[in-house]
Amino acid sequence: MTPGSPTEQRRSFGGATLRRAGLLVAGAVFVLWAVATLTFFAIRLIPGDPAQAILGGPGSQASQEALDQVRSDYGLDQPLIVQYFAMLGRLLTGDLGVSYALKLPVADLLAAQLGGTLLLSALSLVLAWVLALGLAIWSTGRGRIASAVGEGIEITTAALPHFWLAAVLIAVFSVALDWLPPVATGTPAGFVLPVVTLAIPLAGFLAQVMRDSLLDAMQQPFVVSARARGESAVGLRVRHTIRHASLPAISLSGWALGWLLSGAVVVETIFAMPGLGRTLLQAVTLRDIPVVTGVVLLVALVYVLMTVLTDLAARIADPRLRQESGR
Amino acid sequence: GCQAAAPEASGEPVSGGTLSYASGDAEPTCLDPHVGGNYPQALLAGQFLESLVSRDDSGEIIPWLAESWTAADDGLTWEFTLRDDVAFTDGTPLDAEAVKVNVEHLKDPATQSSTGYLALGKVDRVDVVSDQVARFVMSSPDSALLESLSQPWLAIESPAGLARGMDENCQAPIGTGPFVVDEWVKQDRVSLVRNDDYTSPPADAAHEGPAYLDAIDWRFVPDAASRYAALQGGQVDVIDNPQPDTIAAAKSNDALTWLDAPRPGAANRIELNSGQAPFDDERVREAFIRAVEVDDGIDSLFFGTAERSYSPLSSVEAVAYSDDALFEHDLDRANALLDEAGWTERDADGYRVKDGVRLTLRFPVSTNQSIPAEQSLFEQVQATAGEAGFDVVIELLDLSSWYGALAAHEYEIVSAPYTKVGPDVLRILYHSDSITPAPSGYFANLAQLDDPEVDSLLTDAASTSDADSRAELYERAQQLILGGYYLLPLYDQQNSFLLSTSVQGARAMPTVSTPTFYDAWLAD
Amino acid sequence: MSDLELQQATAVSAAAHAPARRRGRMPRTGTLVAGAFVLFLLAATVAPELVATQDPNAISPVDAFQSPSPAHWFGTDESGRDIYSRVVAGTATSLLIGISATAIGLALGLVLGVLASFGGRIVDFGVNRLVEVLFAFPGLLLALLVIVVYGPGPVTATVAVGLSTAPGYARIIRGQLVAIRSSQYVEAARVLGRSPARILSRHVLPNALIPIFVLATLGIGQAIVWAAALSYLGLGAQPPAAEWGAMLAAGRTYLATAWWMTVFPGLMIVGTTIATTVLGRALTRRGRGER
Amino acid sequence: MTNTPAPALEVAQLRVGFGGTDVVHGIDLTIMPGECVAIVGESGSGKSVTARALLGMAGADSRTSAEHLRIDGLDLGAASEREWRRERGRRAGLILQDALGSLDPLRTVGREIEDPLRIHLRLPASERRARVLRLLADVGMPDPVSAVRRRSGELSGGLRQRALIAAAIALDPPLLIADEPTTALDVTVQARILALLDEIRERGTGVLLISHDLAVVSRMADRILVMREGRIIEQGSTGEVLEAPREDYTRSLIAAVPAEVPRGVRLSATPMRPATQSGALPTISSPLRPSHDPAIRTTPLLELSHLTKTFAVPGGRFTAVDDVSLSLHRGETLGLVGESGSGKTTVARLALALTTPDSGSVRFDGEEWSALDERQRRPTRHRIGAIYQDPLGSFDPRWNVGRLLADAVRGAREAGTSDVSAGPTAPVVAVLLDQVGLAASVADRKPMTLSGGQRQRVAIARALAGSPELLICDEPVSALDVTIQAQILDLLDDIQRERGLALLFISHDLGVVHHMADHVAVMRAGRIVESGDAGRVFTQPGHPYTAQLVADSPRLAT
Ligand SMILES: Nc1ncnc2c1ncn2[C@@H]1O[C@H](COP(=O)(O)OP(=O)(O)OP(=O)(O)O)[C@@H](O)[C@H]1O
Ligand SMILES: Nc1ncnc2c1ncn2[C@@H]1O[C@H](COP(=O)(O)OP(=O)(O)OP(=O)(O)O)[C@@H](O)[C@H]1O
Ligand SMILES: [Mg+2]
Ligand SMILES: [Mg+2]
Ligand code: NI
């Protein structure tokens with residue numbers, strides 16, 4: 001069947017955008033609600049008394065009166081379902097509660113941590129993209145050896161644990177060469193190693209995806225056509241194949257960001273960077289339920305936004321999507 | 001580098017500069033050490049809060065915020081005379097009323113103090129005698145009161161600061177120290193700046209007046225390798241909790257200095273839970289201790305930086321009593337004892353069995369409290385005990401789960417550090433009262449040692465003000481504790497700092513061995 | 001646990017593009033080497049005592065931190081244990097974690113995927129939302145929760161990794177099944193009057209199997225890497241179990257002084273990932289009738 | 001022949017090989033300016049390879065050699081890739097075989113056409129844009145201004161082909177190579193594209209037209225070269241080759257063109273089907289074509305009445321099938337023609353009850369069919385067979401031919417309608433394969449490894465396994481080249497005679513439908529615009545659209 005045959009243009013597209021936007025928002029709200037609910041109940045599986053967590057955390061020697069006091073202060077003596085709706089109510093008003101351990105509003109706490117983690121993830125994503133593109137472009141269409149080498153690099157880097165990679169990078173670039181600080185300083189130099197640590201395995205993965213689609217794109221008739229017009233090898237890549245190769249990788253970037261956020265736990269610990277990953281780890285250890293809930297909601301929100309963004313990016317990069325959205 | 005002493009100061013002190021400190025201890029959840037009260041809080045609080053008294057290198061109590069003190073003969077009242085030239089950094093003066101407010105703050109359940117609260121267990125109240133004189137009224141005599149008061153967890157804070165409420169006070173407590181909390185960026189750093197009006201160094205300080213350093217940049221760097229790399233690269237000037245292998249490397253590195261400051265209180269040790277089978281049988285306890293071989297392991301894992309201990313107390317404590325004969329490795333004796341105790345059969349895996357039950361020892365290990373080298377040592381304990389037929393099951397747990405396992409008595413052996421100034425720590429750890437759990441399930445007597453004789457020795461020691469008889473009581477108690485094979489001492493609580501040689505004049509406080517940078521300066 | 005998500009995505013792309021991969025891209029020698037490596041792993045799993053040279057848990061503190069030598073091919077660790085023997089001994093645990101975690105993730109993913117693609121519009125919608133929610137839920141938190149609730153250890157690590165991979169698998173499998181279900185050959189089977197059960201069992205599942213198999217081969221290595229990350233956080237396999245990830249995490253402490261403590265377990269992880277990937281692709285090619 | 005201009009193309013002894021084997025074995029070819037030379041030949045004969053080799057891009061791992069290769073007088077026999085790159089697009093334009101995929105779907109048409117201008121000329125951007133607009137106008141693109149901003153996905157096949165031609169002639173090259181420029185296009189569009197190429201040729205460009213369709217080239221070419229297995233086996237002026245072909249092969253090519261070959265006359269010169277082995281043939285005994293007399297018509301076997309089918313699209317519903325009524329009797333063939341997207345496949349799917357109509361009904365053998373439950377339909381399913389446009393897609397990729405057919409046979413047995421109700425399936429499979437002219441050994445092969453013609457035969461065999469009474473064929477030959485197409489058409493014809501099958505035959509190729517169908521329905525935009533007796537519809541079309549279709553249908557110009 002010929003897509004785009006004249007008959008298809010009988011369709012009207014009016015109102016579609018509005019409907020799409022509505023669906024997106026509804027989907028996002030649903031995901032956030034479900035994540036909040038899931039977290040609320042899952043966290044209650046964790047052994048340990050929230051009141052103890054509030055009163056100085058593990059090993060606390062709080063008295064019974066203090067415990068009772070805290071329980072009634074925080075509404076922990078209410079039935080679970082009441083607590084649940086109380087939480088939903090607070091969330092609706094944008095109130096994430098107060099950290100058990102730090103006694104600070106969770107929103108303030110997370111606001112301070114979000115930026116760093118997002119910057120770290122975003123930079124890593126960009127670097128991963130650049131590395132992956134470079135590797136994929138370098139190693140495809142150059143014969144078996146280059147492609148075997150490229151493939152080897154991809155599989156290997158994709159299999160590197162962050163903590164190990166970080167250690168090696170520090171040993172080489174901080175200790176042996178003394179080029180970059182091993183502890184993030186907030187300066188651009190301090191960001192280099194953490195970003196590289198996160199980016200390398202991701203790049204290996206993205207390159208795998210890109211290589212496949214690059215190879216596919218290079219077999220396409222439009223590439224041969226372009227050559228027949230006198231297009232150079234570089235021109236072919238720049239103007240044709242790269243964009244095609246990027247499409248699947250773009251749609252994976254939403255996942256990639258979630259992956260980076262998980263990876264950030266390890267990387268933030270090693271490079272001593274403030275961030276959501278460390279906050280989450282600490283909050284789980286301290287059974288700091290409001291903070292855990294807050295981080296999870298925030299990550300879910302970022303994920304939802306990222307899905308929308310990648311969707312948008314894919315639509316920009318691939319006009320066909322705009323066309324065939326109804327199929 | 002040199003060992004166990006303040007680094008030799010060379011040259012004239014210079015003022016200025018920011019010292020960068022990388023801490024591997026957990027980031028506190030509250031900077032006020034009254035709240036809770038753990039070592040990470042003490043590390044930081046030592047820079048901006050001060051206590052009534054301090055301790056010198058020989059273990060003698062020396063004046064600090066209190067310039068003198070007297071105890072009534074019956075030990076039921078203590079009068080502290082405060083220095084009259086000291087003000088908190090918020091400008092309010094240090095007076096007897098402030099001391100009273102601080103003690104009340106510590107004793108108030110709402111403060112959620114645990115270390116300070118326990119230490120003030122026998123203090124009934126504080127009366128204001130005059131502006132400069134505060135009287136502690138005791139419910140019973142406490143020979144450890146001065147030692148307790150020297151600890152950072154009982155530091156004196158500005159009443160005005162405390163009045164702000166816990167949330168605000170936790171962010172930046174106000175004290176009289178040489179530095180002031182400027183800003184706390186969570187997960188990242190605490191910025192401390194010099195208190196230019198500082199007047200109250202402890203009696204053993206090297207100089208008077210304000211500190212030399214302009215500021216301290218206190219960073220939280222949980223990863224040991226990153227910390228050491230940052231020190232090597234000059235990104236930070238001081239790190240704590242270095243890996244033993246890096247200490248060994250630093251010893252041969254002219255650019256680095258090792259500051260070894262074992263913590264006071266209890267030594268690091270493995271407690272044997274005598275409250276339940278199989279360690280309710282002394283023969284099995286002895287068999288375990290005889291079977292386990294740790295000396296070579298301590299040597300190789302700690303690269304010669306840790307000394308084997310044979311005492312329940314830290315070597316810092318003058319009254320620490322050692323008896324290495326009790327801990328000689330003797331596999332034959334271990335086997336004989338186990339046979340005698342009825343653990344005669346062995347199963348397919350080579351572990352001993354009695355009445356169909358395997359000789360299993362659950363060993364919960366807190367990943368937050370044991371460094372990798374110590375965890376490796378525990379693996380060696382596991383391997384050597386296995387030769388005698390013990391099935392040691394190591395469980396690596398996060399802190400909350402670890403406390404949970406202890407509270408549920410789901411352990412046969414455990415290692416738990418305990419830091420406190422003075423030998424009174426023995427009472428906390430081995431008095432049968434400490435078996436009774438707090439509502440959270442927490443209890444300090446993890447060996448579950450329940451011996452009336454030990455109890456009475458420790459109670460007497462705590463109320464005896466005569467130093468000699470007190471020392472004798474503690475020695476007898478330690479003999480009983482060691483002789484009953486309730487614990488396997490390993491080494492002092494390792495507390496090392498690596499400093500860049502440009503840091504001069506830094507030392508560890510002889511109280512709980514936290515570093516102090518009051519006398520420190522940065523040479524170039 | 002988004003590593004796994006990524007790995008799954010790779011698998012999709014690998015599966016999707018497998019036919020496009022030109023013959024000879026992956027040299028046959030590569031397949032042979034990978035096969036030999038997997039055989040070694042199998043031997044180490046089934047009969048570690050035959051492959052190992054020493055008792056993996058025998059400590060000898062005086063022999064600690066020895067570099068590789070004829071006596072200790074991969075050197076010794078901080079307790080003087082033979083790293084080669086520990087690597088061999090750890091094969092079973094690591095592979096078990098890798099394989100079972102992948103199996104758990106795949107099984108859950110398959111159930112969700114089948115539900116979504118065959119349960120009608122409403123079920124599909126519900127399952128899709130569920131998967132989306134699980135995706136938005138940070139994978140590491142899921143793992144932490146499982147571990148905190150049920151205690152650390154290889155079993156919980158396996159379950160944790162498996163659980164956090166399930167949504168990724170579900171999404172991919174659903175896509176796969178939907179594609180197959182709407183394929184012409186399934187339509188042809190309907191035209192021939194075949195019952196839905198028969199179509200599912202004869203056409204849909206068998207055809208979904210190959211891409212799922214590719215997913216699995218990639219998943220194994222990645223699951224081991226994730227379990228290693230849990231070990232770094234101290235929540236993975238418990239000592240003295242010789243598990244590669246735990247060895248890697250332990251050896252990291254001594255990276256500057258004893259490189260061999262991390263390099264060899266690391267090589268095993270990477271080698272396993274590469275070998276399973278290479279084999280998976282080779283098998284896919286065969287399944288599709290290519291050489 | 002005075003003042004001879006340089007030939008647009010002059011090549012001698014062109015050889016191309018891949019790996020160890022040669023695919024093109026020494027071709028000589030000269031094209032003068034303004035001349036159109038056509039290469040015809042069956043699939044795989046080396047036409048496309050030749051075309052690409054003429055631009056120095058035969059492909060990876062290829063070896064190309066020629067005694068000389070001159071384009072517009074310039075010798076490029078030993079040119080390096082750099083030199084080639086300078087000349088491609090300037091001296092010769094190439095229109096690739098795969099018209100639909102030859103425009104980058106992510107880039108606008110304007111940019112694609114601009115490329116050669118940008119690569120080879122230094123022009124200001126505004127000038128380039130102006131030239132692109134002029135080119136688009138030249139190739140007859142409606143509304144060039146909006147067309148430049150569109151991407152290939154937004155254009156119909158015909159418009160895409162125009163854009164490609166525009167890109168190929170952007171620099172006015174003396175030589176234009178067009179590889180199958182009209183396959184996959186509707187007849188109407190095809191006619192327009194051929195006219196456009198004619199225009200270009202008249203402007204003095206040498207055109208090399210490649211096709212497997214003699215009917216197409218007969219309209220265009222001055223000379224024809226017949227290619228087979230990498231060699232030119234016959235050449236001459238168009239008239240000579242078509243009227244007096246010297247080679248058998250050429251003759252079979254000409255005979256295979258179905259247009260205007262009356263119903264029942266074999267198209268393929270050599271019957272593909274070996275002598276029928278009689279035996280356990282699962283046949284329905286039936287006379288030859290039943291009477292065509294309306295008087296003795298009984299209930300139709302398939303009856304579609306007032307079918308309407310809409311699809312949800314963003315912002316509304318799209319009507320794919322609009323009030324379609326058709327009926328088909330036993331032993332008859334109903335042809336359904338129409339341009340791409342007119343709704344033919346949707347009608348077929350409705351007839352197969354693979355989708356349910358929004359309104360209207362399908363009756364099979366007088367019984368309600370589309371309104372039934374799938375479970376109720378299942379026992380009757382085997383009475384209807386289907387052949388799909390893309391046979392490969394309709395085979396489970398894991399199954400070999402034997403298993404595919406055995407499964408179909410077993411299905412028919414379960415339904416209780418097979419003549420052979422027990423025993424091993426292998427002999428039955430062998431018979432089925434034999435019926436469609438395939439060797440028994442094919443049973444062990446996977447469909448992937450079969451040629452297009454073989455696959456289509458397997459599809460037919462599978463459709464026949466259930467002894468159907470109705471066979472629905474959706475574009476069964478559009479993917480095949482003429483000679484194979486001829487064999488398949490003959491085969492379908494034979495089987496229909498043998499079994500009295502009713503055929504619903506869908507195609508966009510009027511020639512094919514004319515040859516096959518008794519009755520014809522013409523579809524356009526979801527509606528039947530005209531229907532009736534095949535002979536009548538094709539000779540005296542009653543609807544202008546039909547008339548246009550018929551006029552555009554290529555036929556051998558003799
Ligand atoms: N890149 C290549 N590598 C190997 N063999 C090739 C390659 N390209 C073409 N061939 C082979 O060369 C022969 C001629 O192919 P070509 O594409 O020229 O056929 P064609 O005449 O254009 O057929 P069609 O009518 O189907 O387009 C075929 O056997 C084909 O398999
Ligand atoms: N599932 C569907 N959803 C939306 N639109 C559809 C769907 N199926 C078909 N269409 C549209 O219905 C129209 C008719 O499609 P159909 O496949 O029946 O055409 P056709 O005549 O078979 O064309 P071709 O010759 O290209 O095969 C087309 O415009 C197509 O885009
Ligand atoms: Mg061709
Ligand atoms: Mg169709
Ligand atoms: Ni008729």
Side-chain angles (χ1 to χ4, degrees), chain A residues 1-20 23 141-144 216-236 238-247 314-327, chain D residues 52 55 57 59-60 81 84-90 92-108 111-112 115-116 119-120 151-157 159-160 164 167-168 170-171 177 184-186 311-316 318-319 339-343 345 525-526:
Chain A
M1 176 184 322
T2 328
S5 55
T7 45
E8 270 176 72
Q9 280 150 29
R10 280 180 273 151
R11 290 168 185 166
S12 99
F13 289 92
T17 328
L18 215 69
R19 237 184 73 131
R20 259 189 68 79
L23 274 178
R142 293 180 165 238
R144 278 173 56 167
D216 273 358
M218 276 161 61
Q219 305 294 318
Q220 297 297 315
F222 59 79
V223 171
V224 186
S225 278
R227 275 187 71 205
R229 286 175 216 136
E231 190 69 273
S232 65
V234 175
L236 279 182
V238 171
R239 274 183 279 278
H240 296 276
T241 49
I242 287 183
R243 286 183 70 183
H244 289 265
S246 307
L247 293 179
R315 271 158 193 280
I316 289 169
D318 188 352
R320 287 170 296 185
L321 286 176
R322 284 175 246 160
Q323 205 103 79
E324 298 178 1
S325 52
R327 292 291 170 90
Chain D
R52 289 204 305 272
L55 279 184
M57 35 189 270
E81 176 65 21
W84 265 120
R85 220 181 281 147
R86 231 183 5 252
E87 304 308 328
R88 284 181 200 139
R90 182 149 46 181
L94 172 63
I95 301 165
L96 239 65
Q97 177 162 9
D98 191 345
L100 300 183
S102 290
L103 284 173
D104 191 329
L106 301 185
R107 303 178 80 222
T108 60
R111 308 215 60 176
E112 291 275 285
D115 270 352
I119 296 165
H120 296 288
R151 293 180 174 80
S152 83
E154 301 164 52
L155 296 176
S156 71
L159 295 186
R160 268 185 240 183
L164 278 174
L171 296 167
I177 303 174
L185 295 183
D186 292 339
F311 293 107
V313 292
F318 169 74
T319 310
E339 64 184 358
S340 183
S342 55
T345 297

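These numbers were taken from a predicted model, which means no experiment stands behind them. To find a chain, count down the sequence lines: A is the first, B the second, and so on, and within it residues start at 1.
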Checking [X] against chain A: side chain, backbone, both or neither under 4.5 Å from a heavy atom?
X: D:I95; answer: neither
X: D:R52; answer: side chain
X: D:A92; answer: backbone

Worksheet entry | chain A interface, residue from D:D104, D:L94, D:L96, D:I119 that has the most non-hydrogen pairs under 4.5 Å |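 Option with the greatest count: D:D104.
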Fill in: Backbone N/O of A:R229 and side chain of D:H120: donor-acceptor pair under 3.5 Å
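Between the backbone of A:R229 and the side chain of D:H120 there is a qualifying donor-acceptor contact (under 3.5 Å).
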Worksheet item: Does a side-chain heavy-atom distance below 4.5 Å link D:E112 with A:R239?
Response: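 D:E112 vs A:R239: side chains apart.
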Practice prompt. For D:R90, enumerate each residue passing the side chain to side chain donor-acceptor pair (under 3.5 Å) test, keeping only those at least two apart in sequence or located in another chain.
Written response: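 Per chain and number, D:R90 pairs via side chain to side chain donor-acceptor pair (under 3.5 Å) with no residue.
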Worksheet entry | salt bridge (Lys or Arg N to Asp or Glu O under 4.0 Å) against D:R88, all qualifying residues, sequence neighbours excluded |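 Per chain and number, D:R88 pairs via salt bridge (Lys or Arg N to Asp or Glu O under 4.0 Å) with D:E81.
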